[in-house]
2 protein chains.
Amino acid sequence: MRHPAEDDVGKPLEARIRARNKAKILKAAVQLFAAKGFDGARLGEIAEQCELPRANLYYYFSSKEGIYTALIEQVIAGWDRAFEHIRADRDPREAIEAYVRAKLEYSRTHPVESRFFASEILRGAKFLMRRHRRHMREVTDSRADVVREWIRRGRLAPVDPHHFFILLWSATQFYADYGILASGIIGKSRLTRQDFANAAATISGMVLDGCCTANSPAIVEEQPNRLGSHDFPSTAN
Amino acid sequence: MRHPAEDDVGKPLEARIRARNKAKILKAAVQLFAAKGFDGARLGEIAEQCELPRANLYYYFSSKEGIYTALIEQVIAGWDRAFEHIRADRDPREAIEAYVRAKLEYSRTHPVESRFFASEILRGAKFLMRRHRRHMREVTDSRADVVREWIRRGRLAPVDPHHFFILLWSATQFYADYGILASGIIGKSRLTRQDFANAAATISGMVLDGCCTANSPAIVEEQPNRLGSHDFPSTAN
DNA sequence: ATGGAATTTGACATATATGTCAGTTTCTTG
DNA sequence: CAAGAAACTGACATATATGTCAAATTCCAT
């Protein structure tokens, strides 16, 4: 049999090599698909990177598209996880902070998967099937209900739940997808753990409390805590 | 001569066909590069789309990379424009609202260019040369100084200027780059002008005033000016 | 109209992609 | 250890990519 059961669950004994090699292939593939997209990535490169002969990939996956869609399935599972922080029985402030932190942590620790997914969307989500989109919408909708509940109870200002999530999602996503740009803007060659912490603080702080001081431009003087540690070398020009 | 002067400024008479065809090529190219990336896009497709024989593209551009970098130059010019709203002599609230609106308007009217640029960053900015990055950083830095000035004058809460801009940039960018996802989340097949208006309102509203009601979950009523405290969660440590 | 410049074009050289397959090697188990 | 299943592999068929070039055609100032 050329393509024995795509599912190797339930056969824990015989499927050792299989599981290991499929994982190796997917790991190499997600990097190249993230970097070059579906059309740009070459199976030859993927094979080279995971040190398997190219023909061998076809023993585990039926085609290039097969590898790609397997990755989508895998990555989409991560979509929901951070959302679990958004629960009606939690304090909105705490929940939102936790969500931002979780999302940024994912961006920090899984930048490749994050970029792979972004790349798929960017190109028109040709391989993201209807059931995936429906799933994502359902997940978002259920969390939107939580936001509405918070608003109803007067715990949150009356924001549009969907645009609210888009704001959070995009801001956190940025640090993975455009990490190169973000580090360039901040003036470093790579984003540090501290940068991600600053990002979390800025996003949470701004979304929760806004950035506007009293409309009266009165005296401020004392700036007890203007993030003194973040004196970026921006004036260097 | 095979590639007569890449610059056709200064010769307004002779360069009519040249200008028209170069524009046609770039217009087709930006779409395909946005959809498939540098490696994935095929010159044959570009030629087909702009109804020119493929060999003819080589009369106007020296190579595939030549077309790509020409596009980068063209798109990067748009990067600065929205930033011009951020001026120290303006009211921060007005300026930020104007910036968000301008940026979203660009996303709405130039989604393809926006995605093309995002795609280039996503792939590691291989063609975004050092001088481009320096330029972008300088532009951001000069606007960061405006934010610092606003903070100094007590017109703005003490936010980190760079992360602040990243928040605004990513949120607005989202509606172009991930338009497919955004419309799916909102539950429409396409984003309308009204959706963009809602997005602008949500982003501006949240960034300026936050979404948290008084910490006391009780009475909401009059909220002349909440956000007395900018206690940014000190995840930074 | 005419001659030289600008533009267009089909065919070609070279390289490399995906996917197939028969045959070989390695593993596993009775 | 023997035999069948699983895993591997080099070679091949087919398709298509980029870039080149000489020759044909069109444009335009004189």
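Just so we're on the same page: letters track the sequence lines, and every chain starts at 1. Computed from a predicted model, the values in this text were never measured in an experiment.
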Can you give me every donor-acceptor pair (side chain of residues 27-35 of chain B, partner residue at least two apart or in another chain, under 3.5 Å) with its distance?
{"residue": "B:Gln31", "atom": "OE1", "partner": "B:Gln49", "partner atom": "NE2", "Å": "3.3"}

Check: Going through the distances and angles, do B:Leu181 and A:Arg133 end up as a side-chain contact (heavy atoms from CB on, under 4.5 Å)?
Finding: CA-CA 8 Å; B:Leu181 203 59; A:Arg133 301 194 208 196; over 6 Å; no
Note to self: So, using salt bridge (charged side-chain N to carboxylate O under 4.0 Å, His left out) as the criterion, who are the partners of A:Glu105 when residues are at least two apart?
What the structure shows: A:Arg108
Would you please confirm or rule out a distance under 4.0 Å between OP1 or OP2 of [N] and any side-chain N or O of [X]?
X	N	answer
B:Tyr60	C:dT8	yes
B:Arg16	C:dA6	no
A:Tyr58	C:dG19	yes

Hey, can you pull the donor-acceptor pairs under 3.5 Å for the side chains in residues 165-174 of chain A, sequence neighbours left out?
{"residue": "A:Ser170", "atom": "OG", "partner": "A:Ile166", "partner atom": "O", "Å": "2.8"}
{"residue": "A:Ser170", "atom": "OG", "partner": "A:Leu167", "partner atom": "O", "Å": "3.1"}
{"residue": "A:Thr172", "atom": "OG1", "partner": "A:Leu168", "partner atom": "O", "Å": "2.8"}
{"residue": "A:Thr172", "atom": "OG1", "partner": "A:Trp169", "partner atom": "O", "Å": "3.0"}
{"residue": "A:Gln173", "atom": "OE1", "partner": "A:Lys103", "partner atom": "NZ", "Å": "2.8"}
{"residue": "A:Gln173", "atom": "NE2", "partner": "A:Ser114", "partner atom": "OG", "Å": "3.0"}
{"residue": "A:Gln173", "atom": "NE2", "partner": "A:Asp177", "partner atom": "OD1", "Å": "3.4"}
{"residue": "A:Gln173", "atom": "NE2", "partner": "A:Asp177", "partner atom": "OD2", "Å": "3.4"}

Item checked: Angle between terminal axes - the helix from C:dA1-D:dT30 to C:dG30-D:dC1, 5 pairs each end, rounded to 10° -> 20°
Note to self: So B:Leu52 and B:Ile46, do their side chains get closer than 4.5 Å, heavy atoms only?
What the structure shows: no
Notebook entry, point to check: Considering only heavy atoms from C-beta outward, does the side chain of A:Tyr60 approach that of A:Ile67 to under 4.5 Å?
Noted result: no
Check: Of the nucleotides D:dG19, C:dG10, D:dC8, which one has an atom closest to the side chain of B:Ser63?
Finding: D:dG19
Item checked: Nucleotide of C:dT7, D:dT9, D:dC8 approaching B:Ile17 most closely (side-chain heavy atoms) -> C:dT7
Next item on the list: Could you check which residues of residues 65-74 of chain B get a heavy atom under 4.0 Å from DNA chain D? Sort them by number, please.
Entry: none
To the nearest Å, give me how far apart [atom1] ([X]) and [atom2] ([N]) are.
X	N	atom1	atom2	result
A:Lys64	C:dT16	NZ	P	16 Å
A:Asn56	D:dA6	CG	P	15 Å
B:Phe61	D:dG19	CZ	P	13 Å
B:Tyr59	D:dC27	OH	P	13 Å
B:Asn21	D:dC27	CG	P	12 Å

Margin query: Do the side chains of A:Arg131 and A:Glu73 get close enough for a salt bridge, i.e. N-O under 4.0 angstrom?
Written below: yes
Note to self: Please tell me whether A:Phe196 and B:His163 form a close aromatic pair, meaning their ring centres lie under 6.0 Å apart.
What the structure shows: no
Next item on the list: Could you list by number each residue of residues 23-54 of chain B showing a heavy-atom separation from DNA chain C of less than 4.0 Å, or answer none if no residue does?
Entry: B:Pro53
Checklist line | Any donor-acceptor pair under 3.5 Å from B:Ser204 side chain to B:Ala201 backbone | finding: no
Check: Between A:Phe61 and A:Lys22, is there a cation-pi geometry (under 6.0 Å to ring centre, at most 45° from the normal)?
Finding: yes
Item checked: Candidates B:Lys36, B:Lys64, B:Arg54 - the one meeting salt bridge (Lys or Arg N to Asp or Glu O under 4.0 Å) with B:Glu45 -> B:Lys36
